[in-house]
Amino acid sequence: MDILEYPFDPAQVLQKKRSLKRELLKKEGLIPKKIAIMSGSTIGEIKNILEVFLLHYGIKPEFYEGEYALFYENLVFDDGSLAAFAPDFIYVHTSRKNLKFFPTTGDADQAVADGTEADWKRFETAFGAAARFGCPVIVNNFDLPTHRVMGNRDAVDKRGGVHYINEMNARVADYVAAHPGFYLNDIAYLSARYGLDNWFSESQWYLYKYALSMDQIPNLCFSIANIVKSLLGKNKKSLILDLDNTLWGGVIGDDGAEGIALGLESPGGMAYSEFQAYLKELSSLGIMLNVASKNEESIALTGFERSDSVLKRDDFLCFKANWGPKSQSIAAIANEINILPESFVFVDDNPAEREIVRQELPAVTIAEFDGPEGMIAAIDRAGCFEVTTLSADDVKRNEMYKENLKRAELEQSFGNYEDYLKSLDMRCETGAFVPEHAERLTQLINKTNQFNLTTRRYTAAEVDHLMQDPASVTVFGRLIDKFGDNGIVSAMIGHIEDDTCYVDLWIMSCRVFKRGLEDTMMDEFVRRSVEKGAKRIVGRYFATAKNLLTREIYATMGFSKMKDSETEAEFVLEDAESYVPRNHVMELERLN
């Protein structure tokens, strides 16, 4: 098991950080990102360990380290160095040690109220200053105090430290909820999960001014790294689930549907039912559920016909119950729903099956656990599905993929592919980027890898800027057909210099590959570029391990190749005004 995969050993991560960094820097395709850490206490080792986890996620960070304990001053009164650094992310590392007006039992009510407002005003001002840099801002809330002067009353009395922390945490949560671009790193939860006595070390605070125990730094950094990788579209998308002793207790082929452990009649049954309920919740967030089990399909399906089964067959996208290797079933599922194996998390009670999949499909993440009681924690704490944004398209993702499977089934009934496309009654809505689509567009840009010609990523602030920049050309595409609405699935971004429009980004969801949307998007992009004065259009391609299928797409659309090497290619459309639209399989609706 990878030393940096959950459940990791914090002591081992700390001990081997240098060798881990050396090895991880050898990875291909690392995404460079600038990360500013603003200090509320000592941050040196936090930077070191955060770097290791980010590298593990394919992100190569360059750090700006704020001055010791001057997070407020560095943000509010930036001397120009932070602005010159131009961070892609800001992490404000604060804790309860940065609260200046912590109440005492001798304070009057008004003094407590004044202190609360003064403390909050300081943080609110710092957060507002961080927002000026136009990048995602990650902020901590506050860990509870390690002692309670009034015992349990500390949580009730306004002069109690626990009450004060709870009040401040509520304000941080409300601020993050109300301000797009802000994300909470929940150290109140982390410190509770690992225990206050483990989270904070008095001796390390007095000696080194670390606001948490050294051996908790990997847990803190793992949490921050999960937020960053989620914002960069590196979350997992789907679970692959075994059945026997994973979704229920026992072997359904031997015990029958009535003999498996499920429901409220036994401790084991309750554990499996709770796990199914957890999976149902994940599914409601757009996480796709699939089955890969060694079983007879007809028998396996009877387990979901029980009245006490939380999950039903319809909750699963692909259902592979057979006697072949599970690695083959997983590969078949990846092919059917057209996502990469690295997007999967595999859950199986059998360590031997987990190891086979790990060897055969190393890109698949393996959930490690002992017994049914550990399955939820194995998935939940691994950060694979960290939610930083939740769009309407996310919630509908399962339905969209089910519709795609229906399209694939229909395709098999046609001998001619173009006839199949016309039978879909497709309609494409296109338009320039607009604020109401900004969140979805930012999300799509940062998570699309296969149909992504330049692999550029854009922050929410950069997407907003494009909408106001007269030299920018933007096009989004929404695809609708007789099976349903695929949502916004494609985007193009370009900029005009003199009489040339350079395509900076072209992305498309893998769900709609080869449906004619490529032609429609290019038609619209050329038309809008010409409207803005472009006479020629230049498209670039930068090779990655994931986007090889797009290498020649410009050549198929009448562009001439100007440059070609193993790593990149460049294409030009010399006479954009004479471009002949290629869309002939779908209706087009222009929204703006």
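Residues take their numbers from the sequence shown, with the count starting at 1. Hydrogens, waters and symmetry mates play no part in the numbers below; they use all other heavy atoms, side chains included. Values in this document were obtained by computation on a predicted structure and should not be read as measured data.
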Could you tell me whether [X] sits above the aromatic face of [Y], with NZ or CZ closer than 6.0 angstrom to the six-membered ring centre and within 45 degrees of the axis?
{"X": "Arg381", "Y": "Tyr6", "result": "no"}
{"X": "Lys33", "Y": "Phe89", "result": "no"}
{"X": "Lys406", "Y": "Phe483", "result": "no"}

Does any part of the side chain of [Y], heavy atoms only, come nearer than 4.5 Å to the side chain of [X], both counted from C-beta?
{"X": "Phe476", "Y": "Arg440", "value": "no"}
{"X": "Asn290", "Y": "Ser238", "value": "yes"}
{"X": "Ile339", "Y": "Met288", "value": "yes"}
{"X": "Lys280", "Y": "Ser283", "value": "no"}
{"X": "Pro32", "Y": "Glu62", "value": "no"}
{"X": "Thr550", "Y": "Trp506", "value": "no"}
{"X": "Glu386", "Y": "Tyr183", "value": "no"}
{"X": "Asp186", "Y": "Asn141", "value": "yes"}

Does the [X] side chain pair with the main chain of [Y], one donor and one acceptor, at a distance under 3.5 Å?
{"X": "Asn592", "Y": "Gly431", "value": "no"}
{"X": "Asp523", "Y": "Pro581", "value": "no"}
{"X": "Asn226", "Y": "Ser223", "value": "no"}
{"X": "Asp394", "Y": "Ser391", "value": "yes"}
{"X": "Asn446", "Y": "Gly233", "value": "no"}
{"X": "Lys236", "Y": "Glu342", "value": "yes"}

For the aromatic rings, using the six-membered ring if either is Trp, is the centroid distance between [X] and [Y] under 6.0 Å?
{"X": "Phe53", "Y": "Phe8", "answer": "yes"}
{"X": "Tyr554", "Y": "Phe571", "answer": "yes"}
{"X": "Phe123", "Y": "Phe71", "answer": "yes"}
{"X": "Phe127", "Y": "Tyr175", "answer": "yes"}

Crowded around [X] [atom1]? As in, over 12 foreign heavy atoms under 6.0 Å?
{"X": "Asp314", "atom1": "CG", "result": "no"}
{"X": "Glu28", "atom1": "CD", "result": "no"}
{"X": "Asp498", "atom1": "CG", "result": "no"}
{"X": "Lys21", "atom1": "NZ", "result": "no"}
{"X": "Lys60", "atom1": "NZ", "result": "no"}
{"X": "Glu67", "atom1": "CD", "result": "no"}

What distance separates [X] [atom1] from [Y] [atom2], expressed to the nearest 0.5 Å?
{"X": "Leu50", "Y": "Leu55", "atom1": "CG", "atom2": "CG", "value": "9.5 Å"}
{"X": "Met38", "Y": "Tyr91", "atom1": "CE", "atom2": "OH", "value": "12.5 Å"}
{"X": "Ile37", "Y": "His93", "atom1": "CD1", "atom2": "NE2", "value": "8.5 Å"}
{"X": "Asn185", "Y": "Ile138", "atom1": "CG", "atom2": "CD1", "value": "7.0 Å"}
{"X": "Ile488", "Y": "Gln443", "atom1": "CD1", "atom2": "CD", "value": "10.5 Å"}
{"X": "Phe316", "Y": "Asn398", "atom1": "CZ", "atom2": "CG", "value": "11.0 Å"}

Just checking, is any N or O donor in the side chain of [X] or [Y] under 3.5 Å from an acceptor N or O on the other one?
{"X": "Asp519", "Y": "Asn583", "result": "no"}
{"X": "Glu45", "Y": "Asn48", "result": "yes"}
{"X": "Tyr72", "Y": "Asn98", "result": "no"}
{"X": "Asn338", "Y": "Tyr401", "result": "no"}
{"X": "Ser230", "Y": "Asn235", "result": "yes"}
{"X": "Asn449", "Y": "Asn547", "result": "no"}

Geometric class of the Tyr64/Phe85 ring pair [parallel <30°, tilted 30-60°, perpendicular >60°]: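 Rings of Phe85 and Tyr64: tilted, 30 to 60°.
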
Residues Glu65, Ser39; criterion side chain to side chain contact (heavy atoms under 4.5 Å, CB included); working and verdict: CA-CA 7 Å; Glu65 295 180 67; Ser39 164; over 6 Å; no

Option from Glu23, Lys229, Lys27, Glu5 for which side chain to side chain donor-acceptor pair (under 3.5 Å) with His56 holds: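 Exactly one pass, corresponding to Glu5.
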
Heavy-atom closest pair, residues [X] and [Y]:
{"X": "Arg457", "Y": "Glu462", "value": "O-OE1, 3.9 Å"}
{"X": "Arg590", "Y": "Leu588", "value": "NH2-CD2, 3.7 Å"}
{"X": "Ile445", "Y": "Asn452", "value": "O-ND2, 4.3 Å"}
{"X": "Thr556", "Y": "Arg582", "value": "O-NH1, 3.1 Å"}
{"X": "Ala211", "Y": "Asp143", "value": "O-OD2, 4.5 Å"}
{"X": "Ser529", "Y": "Ile496", "value": "O-CD1, 4.0 Å"}

Arg551 and Asp564 ion-paired at < 4.0 Å: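 Answer for the salt bridge query: yes.
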
Salt bridge Asp481-Arg407, side-chain N to carboxylate O under 4.0 Å: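 Salt bridge present between Asp481 and Arg407.
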
Worked verdict on Arg515 versus Asn486 for side chain to side chain contact (heavy atoms under 4.5 Å, CB included): CA-CA 12 Å; Arg515 297 264 302 276; Asn486 290 277; 4.0 Å; yes

Audit row: Leu279, Leu239, side chain to side chain contact (heavy atoms under 4.5 Å, CB included) steps and yes/no: CA-CA 9 Å; Leu279 294 173; Leu239 283 158; 3.5 Å; yes

Worked verdict on Val512 versus Ser490 for side chain to side chain contact (heavy atoms under 4.5 Å, CB included): CA-CA 9 Å; Val512 295; Ser490 188; 6.0 Å; no

